[in-house]
Amino acid sequence: MALIFPPWWNKLPLVAAIAGSLGPILAIAGVWYYFSPWYTDVGYRPVQPVPYSHRLHVGELGLDCRYCHASVEISNVANVPPTQTCMNCHQTVKRDSELLAPIRDSAQSGRPMHWIRVHKLPDFAYFTHRGHVAAGIGCVTCHGRIDEMETVTQMAPLSMSWCLDCHRNPAPNRRPVSEVTNMKWTPPRDVRLLTAQLGGRPVNPPTDCSGCHR
Amino acid sequence: MSRTYWRSLAQLEDSPESRAFLEREFPEGASELPNGITRREMMTLVGASLSLAGLAGCRRPVEEIVPYVAAPEEIVPGIPRYYTTTMPFRRSAYGLIVESHEGRPTKIEGNPAHPSTLGASGSLVQASVLGLYDPDRSQSVTQQGTRKPWSDFVTAWGQLSQAHAGDGGAGLAVLSESFSSPTLARLASEFRALYPRAIWATYEAVSDENRLAGLRSATGRDIDLLLRIDQASVILALDADPLLTDPEMIRHARGFAAGRRAGASGGAMNRLYAVEGVYSLTGAMADHRLRLESRQIAPFLAALAARLVPPAAGAASLAGASVPGVDPRWIDALAKDLLANRGKGLIVAGERQPAAVHAAVCALNTYLGNTGKTVSYYEPKDAALPSVSSLTSLVSAMKGGSVLTLVVLGGNPVFDAPADLDFASAMAKVPDTIALQSGVAYPARSLPRIVGRRARGWRHAQRRPAADPPPVRRTNRR
């Protein structure tokens, strides 16, 4: 009569112990990363109706962010520019470019452009650009090196824990308000010099629930 | 001994159909569809499609940003703009502030600087923002249900107006709601100058016509009243609801609350008596509420007046007069309170009450010295007052066939005119009807039915002449 349990079954407790301990760890780690905005949101790079290159306009030509996103200092939202803003230059520059045809159509017909939103916060989270800019948080801190992006890509997870990391300790991300749109700014080595640049203005970002979930 | 209950006559008869019905768990056709899908299969399919639909949530929705083509100079995205406006309601007007995001109104609140709202608002005001997005809101001219361009209406009205100009508008009739608006009044007088023989009727299903008639019989003039509830220490509401259903309710409620708060700052808190047949908000707020049929209000008022006013020489004293079902001591106490607060009391009667009650209330307020203090009277300016008799004569003219064109300016008389008049069949005798409405309403029978919109530019409204805004502490503002 053959053995009901062959000898390799002796290894079963060991295998079960390893699988039983590694399996949950892997599952937790997998969910931790793959279900988080670090995996689901970072790197979101939708194709826009016009392949506007921030690398060219900001990185090479040196346009200031606020030329197009004009309301960033006064409003909750940093507006996407109206067609008119594009045509300020492009009625003389690259007039016949195929890629700019949707912009010209929009300007002529009066039908607005439909851009795809890249950075998206949930509706239940209150966010204001005005306050962040006034507190000296640079564009690059949240949006990454826009001046090196051919197509705008989401660089930060925009998750609640990511927000809170900075709200609990904003100091490393602060810079003088005059340098907010500077993509290449680095803090001076001398802390006293940085403190002087920041001015005496203290910032107290809220960390309570109702700070953002109003 | 047990009783045998039956649930239908068929069961009592014990017919074979009812036996078969009782044996089945569900009636025939309820648990299986005739085309072969059973209820269970249906539930399976519904459940499966519902759970699969949940998977759609795994995909990140694509959201668009649609900027302006040419940005308006005054609009900054994300920063709301605030506009002041007025909302006419019957002959009142609410001063409002409208919050607008990129041209879309989102919130309507009272204007703190306007005496009729004082920064507060009511349910109608709050709901009015939804009306702007109502899918039934009329957007164009329609003729018997079909959309037409505005030019069609202009052409049609051009022909009609020329036809009527010949005989001074003898076949022309206008039915409007009551209004108080300098612009509308001017337009109405221009219309009358053009068509002197035209009929102009003013009708509202819910109106204060009784009160106006009462005041007219008491004073001989067409006057309306203005309550200053904030100035009153003792308020008696007779089948009246000045705090919720009165057109001036917002101001009244603020004034009443101010009178209540006076107690907190060392003054005397006001006292509210309500005598009414239905439970109103005023009754709920009252210190003393007496439940009384609406038709007993007049006898109640007579008994109260007998206690307030000393009998004339030679006349028998009615001071002990009673009302069935009312404790005479209740009336005694009320009369005593009103007499003790001469010039600081206020009696107000509801719109449901007949003209005689309103006339008596006017006389009593004057006798108690309240006139000019807690209640004042004014002549309505640029106003059209409601009048059921004008509607009655209009309907008889319509039935007689002398009305060739009827213009209905707002309102819905087919729905809310007195049923005895049978407005719908009278309207069927009018060859041409034109109705101006903010939303979809009854089907007008014939030619151009123009449907207008009380759109973002609201009517030019006349507010009531409030002398000074009552001093209201604004503690609960955002």
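Lettering of chains follows the sequences in order, A, B, ..., and the numbering in each one begins at 1.
- A donor-acceptor pair under 3.5 Å is formed between the side chain of A:S75 and the backbone N or O of B:P77.
- When all heavy atoms of B:E64 and A:I116 are compared, the pair lying nearest together is CG-CD1, 4.4 Å.
- Neither the backbone nor the side chain of A:R130 comes within less than 4.5 Å of any heavy atom of chain B.
- At most 12 non-hydrogen atoms from other residues, nucleotides or ligands lie less than 6.0 angstrom from CE of A:M160.
- Atom CH2 of A:W185 has more than 12 neighbouring heavy atoms from other residues, nucleotides or ligands inside a 6.0 Å radius.
- A:I74 touches chain B through backbone and side chain together, each having a heavy atom under 4.5 Å away.
- Contacts with chain B were tallied for A:V80, A:V118, A:T128, A:I103; A:V80 has the most, counting heavy-atom pairs under 4.5 Å.
- Taking a 6.0 Å sphere around CZ of B:R186, one finds it holds more than 12 heavy atoms contributed by other residues, nucleotides or ligands.
- Within a 6.0 Å sphere centred on CD of B:E73, other residues, nucleotides and ligands contribute 12 heavy atoms or fewer.
- For NZ of A:K120, the number of neighbouring non-hydrogen atoms (other residues, nucleotides, ligands) closer than 6.0 Å is greater than 12.
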